[in-house]
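Before any comments, here is the structure.
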Amino acid sequence: MQRVQAGAIDAVCILVFVAIGRSSHSDGVTLAGMASTSWPFLVGAAVGWAAIRAWRQPMEMAPTGVTIWISCVAVGMVLRNVGAARAAAD
């Protein structure tokens, strides 16, 4: 159960991050916009989960949470810059 909770918490945090980012860049918080902006970061978090096998210690902040956070940002930004959705420049 902790694995599901930890994954859900990660996903909610990413969605809040995306909503704040879209709002601050005046992009609006629409379902389509949220989906197109959040998928790279959700994939990045999944890569981090797999890389560190976070399901074994899902509630550990360090190193599990830090690794997932770094992966989320690094992989997410690469995917956003390679994919159709470009990272915001301002």
Side-chain angles (χ1 to χ4, degrees):
M1 186 57 139
Q2 279 188 336
R3 289 175 233 163
V4 174
Q5 288 174 332
I9 290 168
D10 285 351
V12 167
C13 288
I14 291 167
L15 292 173
V16 169
F17 162 76
V18 167
I20 291 169
R22 289 189 59 80
S23 190
S24 71
H25 292 290
S26 301
D27 290 331
V29 182
T30 64
L31 184 59
M34 289 290 294
S36 70
T37 304
S38 64
W39 77 263
F41 299 103
L42 292 168
V43 169
V47 167
W49 268 76
I52 199 162
R53 294 189 270 187
W55 55 87
R56 293 190 297 175
Q57 296 285 332
M59 301 306 259
E60 291 292 321
M61 185 60 173
T64 305
V66 173
T67 302
I68 294 169
W69 173 60
I70 291 169
S71 175
C72 175
V73 173
V75 173
M77 290 306 291
V78 168
L79 290 174
R80 283 211 16 103
N81 284 309
V82 169
R86 296 281 188 218
D90 39 295

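Residue numbers start at 1 and run along the sequence shown. Just so you know, these numbers use all the heavy atoms, side chains as well, and skip hydrogens, waters and symmetry mates.
The two residues Gly44 and Ser71 have their closest heavy-atom pair at O-OG, 2.7 Å. In plain terms, the two heavy atoms of Ile52 and Pro63 that are nearest each other are CD1-O, 3.8 Å. Taking all atoms of both residues into account, the shortest heavy-atom contact from Pro40 to Leu79 is CB-CB, 3.7 Å.
Chaining together hydrophobic side chains whose heavy atoms lie under 4.5 Å apart places Val16 alongside Val12, Ile20.
Atom CD of Gln2 sits about 9.5 Å away from atom CD1 of Ile9, to the nearest 0.5 Å. Note that OG1 of Thr37 and CZ of Arg22 are 4.0 Å apart. Values are rounded to the nearest 0.5 Å. Atoms CZ and OG, on Phe17 and Ser38 in that order, are 11.0 Å from each other to the nearest 0.5 Å.
Within the structure, the ring pair (Phe, Tyr, Trp, His ring centres under 6.0 Å) test picks out no pair touching residues 63-83 (sequence neighbours left out).
Residues Ile68 and Ile70 are members of separate hydrophobic clusters, defined by side-chain heavy-atom contacts under 4.5 angstrom among Ile, Leu, Val, Met, Phe, Trp and Tyr. The hydrophobic clustering, which links ILVMFWY residues whose side-chain heavy atoms are closer than 4.5 Å, places Met34 and Met77 together.
Contacts of Ile14 classified as side-chain contact (heavy atoms from CB on, under 4.5 Å), with partners at least two apart in sequence or in another chain: Val18, Phe41, Leu42, Ala45, Cys72.
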